[in-house]
K.L.:
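Encoded as structure tokens, here's the structure I'll be asking about.
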Amino acid sequence: MTPAALATTVRDAALEVLRARELDESVLPEQVVVERPRNPEHGDYATNLALQIGKRLGVAPRELAGWLADALAQSDSIDSAEIAGPGFVNLRLAADAQGGIVAKVLEEGAGYGQGEQLAGTRINLEFVSANPTGPVHLGGARWAAAGDALGRVLEAQGADVTREYYFNDAGAQIDRFVNSLMAAAKGEPTPEDGYGGAYIGEVANAVLTQQPDALEREDAAEVFRQIGVGLMFDEVKRSLHEFGTDFDVFFHEDSLHQSGAVGELVERLKNSDNLYFSDGAWWLRSKEFGDDKDRVVIKTDGAPAYIAGDIAYFADKRARGFDLCIYMLGADHHGYIARLKAAAAALGDDPATVEVLIGQMVNLVSNGEPVRMSKRAGTVLRMEDLVDVVGVDAARYSMIRSSIDASLDIDLDLYAKRTNENPVFYVQYAHARLCSIARNAEDLGIAAAGRSELGLLTHEREGELIRTIGEFPGVVKASADLREPHRIARYLESLAAAYHRFYDSCRVLPMGDEPATELTGARLALCTAARHVLANGLRLLGVAAPERM
RNA sequence: GCCCUCGUAGCUCAGUGGAUAGAGCACUGCUCUCCGGAAGCAGGUGUCGCAGGUUCGAAUCCUGCCGAGGGCGCCA
């Protein structure tokens with residue numbers, strides 16, 4: 001019996017109690033909370049239902065809990081139901097019912113954990129979107145890992161997700177980049193407000209290799225822009241790909257200007273109630289969406305401001321049929337939330353189709369001291385540097401494991417020294433260990449047991465492992481609902497722990513010449529289920545589930 | 001000044017209103033003849049930044065304060 005099924009059982013039992021006592025059944029929530037108590041003495045599961053609705057019914061929670069416990073105790077699936085504390089009902093599942101969780105995982109395999117919550121929803125997930133004026137750095141790596149994982153989690157709930165990267169390749173940033181390249185090509189120092197760093201010299205040289213007379217040409221800047229920016233695009237795409245993050249669409253801001261989309265949009269917006277003319281410029285009423293002030297969309301000189309591109313881009317996304325546009329941005333862009341919402345409103349669209357996730361910064365730390373990173377000075381730590389030190393799996397895992405709401409401190413020295421201590425190895429090891437058992441079982445010709453033997457799994461550690469496995473679908477759903485992929489990582493750590501503890505006290509395969517028993521088969525089935533869930537969870541993170549390590 | 005996020009063990013961080021607040025790392029001791037020891041068990045540290053409030057119940061929600069980071073251009 002899965003937690004979801006148990007919740008239904010509890011609700012049904014409660015409904016029965018309320019009806020029998022002629023109490024108001026409308027106070028019963030649709031979703032009854034059934035959770036795993038911290039303290040195992042409090043049972044396998046517990047429900048706080050009596051506490052939730054007791055007051056509204058005018059019944060003492062403990063009394064209500066007593067009625068509920070009596071009703072639940074009637075179920076074949078439930079071994080015991082007891083009142084506890086202020087009005088909890090602590091439940092213990094019958095071993096056979098609990099074994100049903102294992103059977104379900106074996107049945108669903110790679111599909112276990114998926115849901116239909118977002119079926120039919122087309123989501124545009126934009127993340128990273130770092131300026132193509134340099135390599136992807138540490139912060140970008142965080143969004144690459146977390147964004148990709150979020151995409152996978154949303155897909156696991158049935159969403160149709162398009163991963164998108166927005167290249168800001170129009171405007172002054174690129175001009176500075178080009179100027180920096182040309183200065184490097186001429187052997188001149190980095191210009192004021194230009195970009196430093198070794199890669200500038202490398203890209204400049206690459207441009208000269210492709211176009212040896214680039215500096216002499218009249219359209220030198222254009223040549224450097226074409227080739228240099230192109231090389232940078234390739235570099236960004238390549239490093240993200242190597243990081244296990246692939247995008248469906250790389251969108252170029254420049255294309256919005258070239259196609260005239262921005263110009264058309266600007267004209268159209270003048271008719272919007274959310275735009276007004278003042279002091280010679282056109283303003284967006286972003287204040288109504290929480291902004292500090294309204295923002296200029298069309299400048300006094302008639303040229304579109306940067307934000308016009310954002311609005312055109314959003315319009316483009318919607319025109320492509322997306323129901324929801326998620327933007328993952330760094331904390332330095334939190335001011336965009338109101339603007340993007342206002343932009344949707346200005347287009348006559350629903351601001352709820354814009355969802356902005358703000359992630360906090362990644363700091364580089366050394367010996368407990370923060371290391372200042374400057375893109376301009378070229379002292380940033382690149383995503384690749386991190387990968388070189390710890391590998392893709394550990395790098396991704398480190399980035400995903402924490403909530404994006406919290407800023408993250410990365411101590412590279414520590415990572416370099418202790419790669420084996422990254423929790424990802426703990427999780428991967430559990431998977432590798434399970435694969436080893438599966439290999440041995442196959443050699444011995446032992447097969448996993450069928451449904452009827454799963455009730456033999458009555459050991460405390462078996463129960464804990466089974467119940468942890470049972471939590472997975474709920475974790476995936478919460479992870480998707482809250483846009484918090486780190487929950488998957490934390491869950492996997494608890495699953496790996498439950499498995500290692502099980503392994504420590506429950507021998508799976510027969511020792512020496514002992515024959516395989518029904519329990520052997522049942523434990524093997526449990527192992528197979530655990531292996532599926534570890535693999536499914538790691539897949540959601542884009543982290544490998546190795547068979548050997 | 002205003003806005004956003006954070007403040008939990010020595011460190012890095014979990015904890016979408018529940019019972020005695022957790023994990024990894026670091027420290028110490030133990031378990032183990034055979035399924036992978038990259039494991040398990042035990043030991044111990046907490047004014048959950050501070051102060052109020054809401055609630056049967058608050059690390060979690062609300063208000064104020066303190067501290068850290070970030071943001072507040074007709075730049076992009």
Side-chain angles (χ1 to χ4, degrees), chain A residues 33 35 37-39 41-42 46 48 51-52 54-55 60-62 84-88 90 131 168 170-176 253 279-283 290-293 295-301 303-307 309-310 330-338 358-361 363 365 368 370 398 401-411 414 418 420-423 425-426 428-430 432-441 444 461 478 481-482 484 486-487 489-491 493-494 496-497 499-512 520 523-524 527 548-549:
Chain A
V33 175
E35 56 190 1
R38 279 202 189 89
N39 188 337
E41 286 171 21
H42 292 151
N48 60 3
L51 285 161
Q52 300 280 13
K55 191 169 190 176
R62 274 189 69 92
F88 292 102
N90 293 339
N131 284 337
N168 289 114
Q173 307 266 24
I174 291 290
D175 295 340
R176 289 188 197 129
E253 180 192 1
D279 296 333
W282 288 86
W283 299 73
D291 207 346
D292 295 343
K293 57 179 79 166
R295 305 285 165 174
V296 167
V297 178
I298 306 169
K299 300 188 271 191
T300 40
D301 63 4
Y306 176 77
I307 189 175
D310 281 339
D332 51 342
H333 288 78
H334 97 264
Y336 282 40
I337 302 174
I358 296 298
Q360 298 302 308
M361 302 297 192
N363 306 307
V365 174
S398 311
R401 182 170 190 267
S402 298
S403 161
I404 61 165
D405 283 344
S407 60
L408 201 58
D409 288 348
I410 297 281
D411 187 327
L414 218 63
R418 304 176 182 168
N420 279 1
E421 288 154 20
N422 188 310
F425 295 103
Y426 183 75
Q428 289 184 317
Y429 178 61
R433 232 182 184 186
L434 279 159
C435 288
S436 174
I437 290 182
R439 284 192 297 269
N440 295 340
L444 294 169
R461 297 279 173 82
D481 287 347
L482 301 167
E484 292 182 346
H486 74 275
R487 286 170 186 275
R490 297 297 173 151
Y491 165 78
E493 288 167 33
S494 72
Y499 166 68
H500 286 308
R501 279 195 292 270
F502 154 79
Y503 179 91
D504 188 63
S505 30
C506 299
R507 175 81 198 188
V508 179
L509 298 175
M511 293 205 277
T520 304
R523 285 183 171 166
L524 201 53
C527 284
R548 291 188 169 86
M549 54 191 286

K.L.:
A:A406: what forms a side-chain contact (heavy atoms from CB on, under 4.5 Å) with it, not counting sequence neighbours?
P.N.:
none
K.L.:
A:D405: which residues meet the salt bridge (Lys or Arg N to Asp or Glu O under 4.0 Å) condition with it, sequence neighbours left out?
P.N.:
none
K.L.:
Residues two or more places apart in sequence or in another chain: which of them pass salt bridge (Lys or Arg N to Asp or Glu O under 4.0 Å) with A:R433?
P.N.:
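None.
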K.L.:
For A:G85 and for A:A170, find the nucleotide of RNA chain B with the closest heavy atom, then tell me which residue's nucleotide is more 5'.
P.N.:
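That would be A:G85.
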K.L.:
If you measure from the ring centre of A:Y306 to the centre of the six-membered ring in the base of B:rC75, is it under 5.5 Å, with the planes under 30° apart?
P.N.:
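A:Y306 ring does not meet the centre or angle cut-off for B:rC75; no stack.
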K.L.:
So, does the side chain of A:N363 form a donor-acceptor pair with the base of B:rA68 at under 3.5 Å?
P.N.:
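By the distance-only test, no, there is no pair.
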K.L.:
Verify the stacking flag for A:H333 against B:rG71: centroid separation must be under 5.5 angstrom and the ring planes must differ by under 30 degrees.
P.N.:
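No, A:H333 does not stack on the base of B:rG71, since the centre distance and plane angle fail the 5.5 Å and 30° test.
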K.L.:
Begin with the C-alpha distance, continue with both residues' side-chain angles, and end with the deciding distance and a verdict on side chain to side chain contact (heavy atoms under 4.5 Å, CB included) for A:R295 and A:Y306.
P.N.:
CA-CA 10 Å; A:R295 305 285 165 174; A:Y306 176 77; over 6 Å; no
K.L.:
If each of A:K299 and A:L482 is mapped to the nucleotide of RNA chain B with the nearest heavy atom, which maps nearer the 5' terminus, i.e. the 5' end?
P.N.:
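Final value for this comparison: A:L482.
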K.L.:
Check for a donor-acceptor pair, side chain of A:R507 on one end and backbone N or O of A:L509 on the other, with a separation under 3.5 Å.
P.N.:
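Side chain of A:R507 to backbone of A:L509, a donor-acceptor pair under 3.5 Å: yes, one is there.
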K.L.:
Just the rounded figure in Å: distance from C1' of B:rA58 to CG of A:N48.
P.N.:
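Between C1' of B:rA58 and CG of A:N48: 15 Å.
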K.L.:
Heavy atoms from C-beta onward define the side chain here; which of B:rC13, B:rC34, B:rG36 lies closest to that of A:L408?
P.N.:
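The nucleotide sitting nearest to the side chain is B:rC13.
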K.L.:
When you measure from the side-chain N and O atoms of A:R38 to the phosphate of B:rA19, is any distance below 4.0 Å, counting only OP1 and OP2?
P.N.:
yes
K.L.:
Please test A:L524 against A:I437 for side chain to side chain contact (heavy atoms under 4.5 Å, CB included), starting from the C-alpha separation and ending with a verdict.
P.N.:
CA-CA 8 Å; A:L524 201 53; A:I437 290 182; 3.9 Å; yes
K.L.:
Among B:rG18, B:rA14, B:rG37, which nucleotide sits nearest the side chain of A:S402?
P.N.:
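Closest of the options to the side chain of A:S402: B:rA14.
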K.L.:
Among B:rA23, B:rG36, B:rC41, which nucleotide sits nearest the side chain of A:M549?
P.N.:
B:rG36
K.L.:
Can you list the residues that meet the salt bridge (Lys or Arg N to Asp or Glu O under 4.0 Å) rule with A:R487, with sequence neighbours excluded?
P.N.:
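A:R487 satisfies salt bridge (Lys or Arg N to Asp or Glu O under 4.0 Å) with A:E484 once adjacent residues are dropped.
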K.L.:
Kindly point out which of B:rA14, B:rA76, B:rG37 is positioned nearest to the side chain of A:Q173?
P.N.:
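Nearest listed nucleotide: B:rA76.
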K.L.:
Enumerate all atom pairs, one protein N or O and one N or O from nucleotides 2-6 of chain B, separated by less than 3.5 Å.
P.N.:
residue: B:rC3; atom: O2; partner: A:H334; partner atom: NE2; Å: 3.2
residue: B:rC4; atom: O4'; partner: A:H334; partner atom: NE2; Å: 3.4
residue: B:rU5; atom: O2'; partner: A:D405; partner atom: O; Å: 2.3

K.L.:
With a 3.5 Å cut-off and just heavy-atom distances, do the side chain of A:N39 and the base of B:rU20 make a donor-acceptor pair?
P.N.:
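Such a pair is found, so the answer is yes.
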K.L.:
To the nearest angstrom, how far is A:H42 atom NE2 from B:rA19 atom P?
P.N.:
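In whole Å, B:rA19 P and A:H42 NE2 are 9 Å from each other.
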K.L.:
What's the closest nucleotide to the side chain of A:M511 if the choices are B:rG37, B:rA23, B:rC34?
P.N.:
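Closest nucleotide among those given: B:rC34.
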K.L.:
Kindly say whether, by distance alone, the side chain of A:S436 makes a donor-acceptor pair under 3.5 Å with the base of B:rC35?
P.N.:
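No such pair is found, so the answer is no.
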K.L.:
Looking only at side-chain atoms of A:Y503, point me to the closest of B:rG18, B:rG40, B:rG37.
P.N.:
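So the side chain of A:Y503 is nearest to B:rG37.
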K.L.:
Has A:F88 got its ring stacked on B:rA19, by the test of a centre gap below 5.5 Å and a plane angle below 30°?
P.N.:
yes
K.L.:
Hey, where does RNA chain B pair up into stems, meaning at least three consecutive Watson-Crick or G-U pairs with distances under 3.5 Å?
P.N.:
B:1-7 with B:66-72, B:10-13 with B:22-25, B:27-31 with B:39-43, B:49-53 with B:61-65
K.L.:
Using only side-chain N and O atoms of A:Y429, determine if any of them is under 4.0 Å from OP1 or OP2 of B:rG37.
P.N.:
yes
K.L.:
What nucleotide among B:rG18, B:rG36, B:rC35 has an atom nearest to a side-chain atom of A:R507?
P.N.:
B:rC35
K.L.:
Aromatic rings A:H333 and A:Y336: how do their planes relate, parallel, tilted or perpendicular, breaks at 30° and 60°?
P.N.:
perpendicular
K.L.:
Any donor-acceptor pair under 3.5 Å joining the side chain of A:Y336 to the base of B:rA76?
P.N.:
yes
K.L.:
Is the backbone of A:R401 close enough, under 3.5 Å, to the side chain of A:R490 for a donor and an acceptor to pair up by distance?
P.N.:
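Flag set: sc A:R490 to bb A:R401 pair under 3.5 Å.
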K.L.:
Donor-acceptor pair, distance only, cut-off 3.5 Å: does the side chain of A:R461 make one with the backbone of A:Y503?
P.N.:
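Checking the backbone N and O of A:Y503 against the side chain of A:R461, no donor-acceptor pair under 3.5 Å is found.
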